[in-house]
Amino acid sequence: MRMLVTGGAGFIGANFVHLTTRTRPDVHITVLDALTYAGNRASLDPVADHITFVHGDITDAALVDRLVAETDLVVHFAAESHNDNSLGDPWPFVHTNIIGTTTLLQAVRTHDVRYHHISTDEVYGDLELDDPARFTETTPYNPSSPYSSTKASSDLLVRAWTRSFGVRATLSNCSNNYGPYQHVEKFIPRQITNVLTGARPKLYGAGLNVRDWIHVDDHNTAVWTIIDKGTLGQTYLIGADGETDNRTVVETILELCGHDTNDYDHVTDRPGHDLRYAIDSTRLRTELGWTPTYTDFRAGLTATIDWYRTNENWWSTKKTETESAYLTAGERVGVTRIRRS
Ligand code: NAD
Ligand code: TDX
């Protein structure tokens with residue numbers, strides 16, 4: 001089988017390529033990635049001999065058409081993925097997440113190629129902290145940020161191309177991922193690398209916001225399960241029952257690194273900060289038989305800390321750039337206000 005993976009030099013895409021080369025040697029992988037600030041060619045070094053890498057943009061219609069014509073399956077990870085950046089400049093998000101997805105959809109439509117769309121639970125907005133509800137496949141879309149709005153747009157485009165043009169597509173919406181090769185702008189790697197460089201972790205607002213953490217390998221085994229067994233046109237929510245508030249995550253990282261668990265700062269809160277995400281993945285588990293492997297969050301965090309400890313070359317340059325970008329964007333220590341309670 002020939003597979004085109006967009007965004008394969010990013011966090012989840014690179015882990016997907018690694019998993020696939022380990023478990024499916026019969027799949028020939030072509031990665032299409034623009035190597036934005038978030039992409040890192042070095043993330044693919046361990047599998048470089050087993051894949052074809054194309055440096056290009058998913059909005060390049062001629063390039064995308066040529067690559068899609070030569071493949072049996074497209075798995076679309078490429079995106080602008082960071083909420084904080086989308087608040088500063090939404091345009092790259094519109095470009096990649098909306099125009100880029102449309103470009104891919106036109107190509108898979110032309111060449112009748114199977115397509116899997118990677119999306120996020122953030123399209124559903126947020127839940128109250130004390131609400132027993134979790135997101136399901138029928139929860140109405142209600143995105144909060146420019147990032148999540150453009151992801152919601154891309155999902156709707158996929159659904160329209162499926163219904164109107166018969167595109168053979170499945171969609172998945174996953175909760176917050178953690179694991180190796182994640183950019184240090186994101187919460188968990190930012191705090192791990194803060195501790196490793198002698199800086200204090202930075203908690204937005206009071207740190208009561210809840211995210212539903214899943215190990216990246218569990219996300220990717222779920223994606224393969226959907227590709228293998230999913231119903232065309234269907235959406236599947238991916239989650240591993242990992243609800244944890246941000247303060248607990250920071251305190252656990254500090255504890256696992258042998259530091260005082262109070263050794264962190266509260267900083268300026270994110271405007272419009274979603275309170276809580278929670279996934280009900282019953283459909284994926286009962287209809288397709290998927291289960292997560294990494295059910296011990298502390299063990300997953302310990303392994304992730306070890307990975308960042310031993311791969312400083314992979315992140316040290318990006319760390320400096322990232323921390324100065326947060327300062328330029330106005331992040332300040334000592335602010336504990338939250339927007340809603
Ligand atoms: P990432 O930012 O780490 O990687 C994105 C990759 O896409 C990078 O390699 C980048 O170079 C590439 N890219 C960006 N714009 C491009 C363009 N125009 N053309 C080609 N390549 C381009 O993102 P990630 O965290 O790995 O997320 C991957 C996908 O998973 C995204 O669609 C995201 O919305 C979704 N998702 C992420 C999470 C999470 O917790 N990180 C959770 C659910 C869903
Ligand atoms: O320094 C920080 N301090 C902090 O308290 C950072 C970077 C984040 N946070 C908080 C904000 C969120 O409540 O931690 C939580 C997680 O933040 P992010 O890592 O930025 O993730 P989030 O905004 O939840 O979105 C992530 O999950 C869904 C991914 O970045 C998205 O791509 C995915 O769609």
Side-chain angles (χ1 to χ4, degrees), residues 5-16 31-41 43-44 54-60 63-64 75-87 92-93 95-97 99-101 103-104 117-123 126 143-145 147-148 150-151 154-155 172-179 181-191 194 201-214 216 219-220 223 237-239 244-247 249-250 264-270 272-277 279 322-323 326 331 338:
V5 178
T6 71
F11 163 46
I12 305 174
N15 279 287
F16 181 76
V31 167
L32 171 60
D33 198 295
L35 296 178
T36 67
Y37 82 96
N40 194 336
R41 186 79 195 259
S43 303
L44 294 170
V54 179
H55 183 197
D57 198 300
I58 56 165
T59 62
D60 180 341
L63 173 65
V64 165
V75 187
H76 176 35
F77 290 92
E80 285 292 336
S81 69
H82 195 34
N83 274 299
D84 292 325
N85 291 346
S86 80
L87 297 162
F93 291 75
H95 175 83
T96 291
N97 301 355
I99 312 280
T101 299
T103 308
L104 283 161
H117 185 72
I118 304 292
S119 193
T120 169
D121 58 359
E122 296 191 20
V123 300
D126 63 351
S144 314
S145 74
Y147 162 68
S148 52
T150 58
K151 290 298 292 186
S154 71
D155 292 9
S172 55
N173 296 75
C174 189
S175 59
N176 285 62
N177 286 218
Y178 74 98
Y181 299 103
Q182 186 168 28
H183 194 287
V184 291
E185 69 189 352
K186 302 290 180 1
F187 181 51
I188 286 182
R190 185 179 185 205
Q191 312 318 334
N194 277 349
K202 304 279 182 284
L203 204 46
Y204 291 173
L208 301 179
N209 308 64
V210 170
R211 296 296 181 262
D212 191 351
W213 293 101
I214 181 172
V216 64
H219 181 178
N220 285 330
V223 169
L237 262 53
I238 304 174
T244 316
D245 67 69
N246 293 341
R247 197 163 61 191
V249 173
V250 161
Y264 61 85
D265 292 327
H266 292 277
V267 296
T268 324
D269 205 356
R270 173 184 286 170
H273 195 171
D274 279 342
L275 269 181
R276 172 174 159 252
Y277 306 138
I279 289 263
T322 301
E323 291 306 321
Y326 274 120
E331 183 173 283
I338 55 170

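Everything quoted here is computed from the prediction, not taken from an experiment. First listed ligand is number 1; within each ligand, the first listed atom is number 1.
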J.: For atom 10 (C) of ligand 2, what is the nearest protein heavy atom, given as residue, atom name and distance?
T.: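 Protein heavy atom with the smallest distance to atom 10 (C) of ligand 2: Asn246 ND2, 3.5 Å.
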J.: Does Lys151 come within less than 4.0 angstrom of ligand 1, counting non-hydrogen atoms of the residue?
T.: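 Yes, Lys151 has a heavy atom closer than 4.0 Å to ligand 1.
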J.: Where the closest heavy atom to atom 14 (O) of ligand 2 is concerned, which of Phe187, Tyr178, Tyr147, Trp213 has it?
T.: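 When every heavy atom of Phe187, Tyr178, Tyr147, Trp213 is considered, Phe187 comes closest to atom 14 (O) of ligand 2.
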J.: To which protein heavy atom is atom 11 (O) of ligand 1 closest, and what is the distance rounded to 0.1 Å?
T.: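 For this ligand atom, the closest protein heavy atom is Asp33 OD1, 2.6 Å.
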J.: Answer with yes or no whether Pro92 contacts ligand 1, where contact means a heavy atom under 4.0 Å from a ligand atom.
T.: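 It does not; every heavy atom stays at 4.0 Å or beyond.
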J.: Could you tell me which atoms of ligand 1, counted from 1 in the order shown, lie closer than 4.0 angstrom to a heavy atom of Leu35?
T.: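 Heavy-atom distances to Leu35 below 4.0 Å select 11 (O).
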J.: Which atoms of ligand 1 have any heavy atom of Asn177 under 4.0 Å away?
T.: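 Every atom of ligand 1 under 4.0 Å from some heavy atom of Asn177: 39 (C), 40 (O), 42 (C).
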J.: Which residue from Glu185, His273, Glu323, His82 reaches closest to atom 12 (C) of ligand 2 through any of its heavy atoms?
T.: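 Shortest heavy-atom distance from atom 12 (C) of ligand 2: His273.
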J.: Please confirm whether Gly8 approaches ligand 1 to less than 4.0 Å, judged on its heavy atoms.
T.: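 No heavy atom of Gly8 comes that close to ligand 1.
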J.: Mark up the atoms of ligand 1 that fall under 4.0 Å of a heavy atom belonging to Phe77, in ascending order.
T.: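 In order of numbering, the contacting atoms are 28 (C), 29 (C), 31 (C), 32 (O).
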J.: Heavy atoms only: give me the nearest Thr103-Asp60 pair and the separation to one decimal.
T.: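 It is CG2-C, 4.3 Å.
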J.: Which residue and atom name correspond to the protein heavy atom nearest atom 38 (C) of ligand 1, and how close is it?
T.: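 Going atom by atom, the protein heavy atom closest to atom 38 (C) of ligand 1 ends up being Ile12 CD1, 3.6 Å.
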J.: Mind checking whether Asn176 has a heavy atom under 4.0 Å from ligand 1?
T.: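 Asn176 counts as a contact of ligand 1 under the 4.0 Å cut-off.
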J.: Would Thr59 count as a contact residue for ligand 1, given that I'm defining contact as a non-hydrogen atom of the residue lying under 4.0 Å from a ligand atom?
T.: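 No; Thr59 lies far enough from ligand 1 that no heavy-atom distance drops under 4.0 Å.
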J.: Would you tell me whether Ser175 and Asp212 have side-chain atoms, one donor and one acceptor, within less than 3.5 Å of each other?
T.: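 Distance-only check fails for Ser175 and Asp212.
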J.: Of all the atoms in ligand 1, which lie at a distance below 4.0 Å from a heavy atom belonging to Ile118?
T.: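 By the 4.0 Å cutoff, the relevant atoms are 29 (C), 30 (O), 32 (O), 35 (C).
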J.: Only one of Thr101, Ile118, Val123 passes side-chain contact (heavy atoms from CB on, under 4.5 Å) with Ser154; say which it is.
T.: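 Among the candidates, only Thr101 passes.
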J.: Short list, please: which atoms of ligand 1 are under 4.0 Å from a heavy atom of Ser119?
T.: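 Result: 43 (C), 44 (C).
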J.: Give me the residue, atom name and distance of the protein heavy atom closest to atom 27 (O) of ligand 2.
T.: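 Result: Asn176 ND2, 3.1 Å.
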J.: State whether Asp265 and Lys202 are salt-bridged, where the test is any N-O pair (Lys NZ or Arg NE/NH1/NH2 against Asp/Glu carboxylate O) under 4.0 Å.
T.: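 Yes, Asp265 and Lys202 are salt-bridged.
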J.: To which of Lys202, Lys151, His183, Arg211 does the heavy atom nearest atom 3 (N) of ligand 2 belong?
T.: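 Nearest option to atom 3 (N) of ligand 2, by heavy atoms: Lys202.
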J.: List in chain and number order the residues that pass salt bridge (charged side-chain N to carboxylate O under 4.0 Å, His left out) with Glu185, two or more places apart in sequence or in another chain; answer none if no residue qualifies.
T.: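 Once residues adjacent in sequence are excluded, Glu185 has no partner under the salt bridge (charged side-chain N to carboxylate O under 4.0 Å, His left out) criterion.
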J.: Which residues pass the side-chain hydrogen bond (donor to acceptor under 3.5 Å, both in side chains) test with Thr120, not counting sequence neighbours?
T.: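 None.
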J.: Can you find a side-chain donor-acceptor pair between His95 and Thr59 that sits under 3.5 Å?
T.: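 Side-chain D/A pair, His95 to Thr59: present.
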J.: Show the atoms of ligand 1 that are less than 4.0 angstrom away from any heavy atom in Ala78.
T.: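 Matching atoms, with element in brackets: 7 (O), 21 (N), 22 (C).
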J.: Which pair of non-hydrogen atoms, one from Arg211 and one from Leu275, has the smallest distance, and what is that distance?
T.: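 So the minimum-distance heavy-atom pair works out to NH1-O, 3.5 Å.
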J.: Just jot down the ligand 1 atoms closer than 4.0 angstrom to any heavy atom of Tyr147, in number order.
T.: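 Reading through ligand 1 atom by atom, the close ones are 33 (C), 34 (O).
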J.: What protein heavy atom sits nearest atom 2 (O) of ligand 1, and how far away is it?
T.: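 Nearest protein contact, heavy atoms only, for atom 2 (O) of ligand 1 is Ser81 OG, 2.6 Å.
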J.: Ignoring hydrogens, just give me the one of Arg270, Glu80, Glu331, Arg190 whose non-hydrogen atom is nearest atom 18 (P) of ligand 2.
T.: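 It is Arg270 that holds the nearest heavy atom.
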J.: Less than 4.0 Å is my threshold; does some heavy atom of Gly100 fall inside it relative to ligand 1?
T.: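 Checking ligand 1 against Gly100, which is what was asked, there is no heavy-atom contact under 4.0 Å.
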J.: Any heavy atom of Gly56 closer to ligand 1 than 4.0 angstrom?
T.: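 Checking ligand 1 against Gly56, which is what was asked, there is a heavy-atom contact under 4.0 Å.
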